[in-house]
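When reading the values below, keep in mind they use all heavy atoms of this one structure, side chains included, and skip hydrogens, waters and symmetry mates.
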Amino acid sequence: GQMGGVEATADVLAEFRAKAVKAGLPGIHIGGIWFDVLDSHPVYSECPQADWAKKLGFSSYTSYNNCCTTDEWFRDFPNIDYDKAAEEYYQIERKAMTTLPAPYHPVVTAGWDSTPRCIQSEVYDKKPGYPYLGVMQPTPEKFGKAVAETVKIVKQYASDDPIFFINAWNEWTEGSYLEPDTRFGMAVLEALKKELS
């Protein structure tokens, strides 16, 4: 889209790499945010990616989070079952780690609540598009379970490159944060520590 399409974007990325080498650097690592959905997702056919994923030549891939990646996000608005969404996202992780042309680093989502970005005087109702999405609020235990499963998947599919990301440290206006709060205190960070130790 904004860079003129797949071919034009691939040319720009190749130019970035060439300029880095010309400047005496070994090159650059270009990570791409990859969005994929399961076959059961309502917009599955609108997300063809095999072509551009190979042509762009990213050095690695990740996802912003697991928001809207599965049909769980469209079932019971406004409540999203964290465990169900995580289970469906594990399928996407495995697919990405075995089919993308470069390493894929999965993401564990600490939660999702974009209601602060809505007009606060309006009723929060199902409307098309962002920020009118469902709300996914895990307990520290559910978050810890997602970390544990992701660690297991990373060890199985990417043992030589064991990286995963967490969304996010302090994304308060999207309800995705690890920072202590008045609801759980330090419990989310403690769950992360427990699963990584």
Side-chain angles (χ1 to χ4, degrees), residues 31-44 46-47 49 61-97 104-154 157 163-196:
I33 298 294
W34 184 70
F35 180 82
D36 195 20
V37 295
L38 298 179
D39 296 0
S40 58
H41 190 284
V43 295
Y44 171 72
E46 297 174 21
C47 300
Q49 300 183 60
Y61 297 84
T62 189
S63 297
Y64 177 64
N65 55 27
N66 76 345
C67 180
C68 295
T69 53
T70 71
D71 59 339
E72 177 60 32
W73 286 83
F74 303 91
R75 287 186 200 132
D76 297 314
F77 182 90
N79 299 311
I80 307 303
D81 184 301
Y82 185 85
D83 288 336
K84 286 181 184 175
E87 286 291 333
E88 292 176 340
Y89 178 67
Y90 303 146
Q91 294 176 53
I92 291 171
E93 289 177 9
R94 290 181 187 99
K95 175 183 173 185
M97 295 174 100
Y104 175 80
H105 307 298
V107 62
V108 177
T109 301
W112 183 266
D113 180 358
S114 53
T115 59
R117 294 192 176 188
C118 298
I119 298 170
Q120 298 302 300
S121 59
E122 290 185 2
V123 173
Y124 190 67
D125 202 0
K126 190 173 187 176
K127 297 178 184 176
Y130 182 89
Y132 296 94
L133 303 173
V135 175
M136 182 175 69
Q137 297 180 324
T139 62
E141 294 77 21
K142 289 182 178 194
F143 172 76
K145 180 180 168 188
V147 169
E149 184 61 25
T150 300
V151 167
K152 191 183 331 178
I153 291 168
V154 166
Y157 292 98
I163 297 170
F164 73 93
F165 295 101
I166 298 173
N167 181 317
W169 173 249
N170 63 351
E171 183 51 273
W172 293 92
T173 62
E174 288 183 338
S176 190
Y177 55 87
L178 292 174
E179 282 185 318
D181 66 4
T182 55
R183 185 171 167 209
F184 294 119
M186 299 284 287
V188 176
L189 286 170
E190 292 295 337
L192 176 62
K193 180 180 177 183
K194 175 186 170 201
E195 297 305 334
L196 293 181

task: Evaluate the criterion side-chain contact (heavy atoms from CB on, under 4.5 Å) for residue pair Trp34 and Ile92; output intermediate values, then yes/no.
output: CA-CA 11 Å; Trp34 184 70; Ile92 291 171; 4.0 Å; yes
Does any non-hydrogen side-chain atom of [Y] lie less than 4.5 Å from one of [X]?
| X | Y | result |
| --- | --- | --- |
| Phe143 | Ile166 | yes |
| Glu190 | Pro140 | no |
| Glu179 | Trp172 | yes |
| Glu195 | Val151 | no |
| Tyr157 | Glu93 | no |
| Val107 | Tyr64 | no |
| Leu196 | Val147 | yes |
| Val188 | Tyr177 | no |

Does any N or O in the side chain of [X] come within less than 3.5 Å of the main-chain N or O of [Y], such that one atom is a donor and the other an acceptor?
| X | Y | answer |
| --- | --- | --- |
| Thr173 | Pro116 | no |
| Gln120 | Thr115 | yes |
| Trp73 | Asn66 | yes |
| Ser114 | Arg117 | no |

Output the distance between atom [atom1] ([X]) and atom [atom2] ([Y]), rounded to the nearest 0.5 Å.
| X | Y | atom1 | atom2 | result |
| --- | --- | --- | --- | --- |
| Ile33 | Asn65 | CD1 | CG | 9.0 Å |
| Asp81 | Glu87 | CG | CD | 10.0 Å |
| Glu174 | Asn167 | CD | CG | 7.5 Å |
| Ser63 | Phe165 | OG | CZ | 10.5 Å |
| Arg183 | Gln137 | CZ | CD | 5.0 Å |
| Glu171 | Leu178 | CD | CG | 12.0 Å |

Sorted by chain and number, sequence neighbours left out, ring-ring contact (aromatic ring centres under 6.0 Å, His included) with Tyr82 holds for none
Heavy-atom pair with the smallest gap, counting every atom of [X] and [Y]:
| X | Y | answer |
| --- | --- | --- |
| Tyr124 | Gly134 | OH-N, 4.3 Å |
| Ala110 | Ala168 | CB-N, 4.1 Å |
| Pro131 | Cys118 | CG-SG, 3.5 Å |
| Met97 | Val154 | CE-CA, 4.1 Å |
| Ile153 | Tyr90 | CD1-CB, 3.7 Å |

Task: Check ion pair Glu149-Lys152 (N to O, under 4.0 angstrom) - done: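 Yes, this pair counts.
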Count the heavy atoms of every other residue, nucleotide or ligand shown that sit under 6.0 Å from NZ of Lys145, and state whether that count exceeds 12.
no
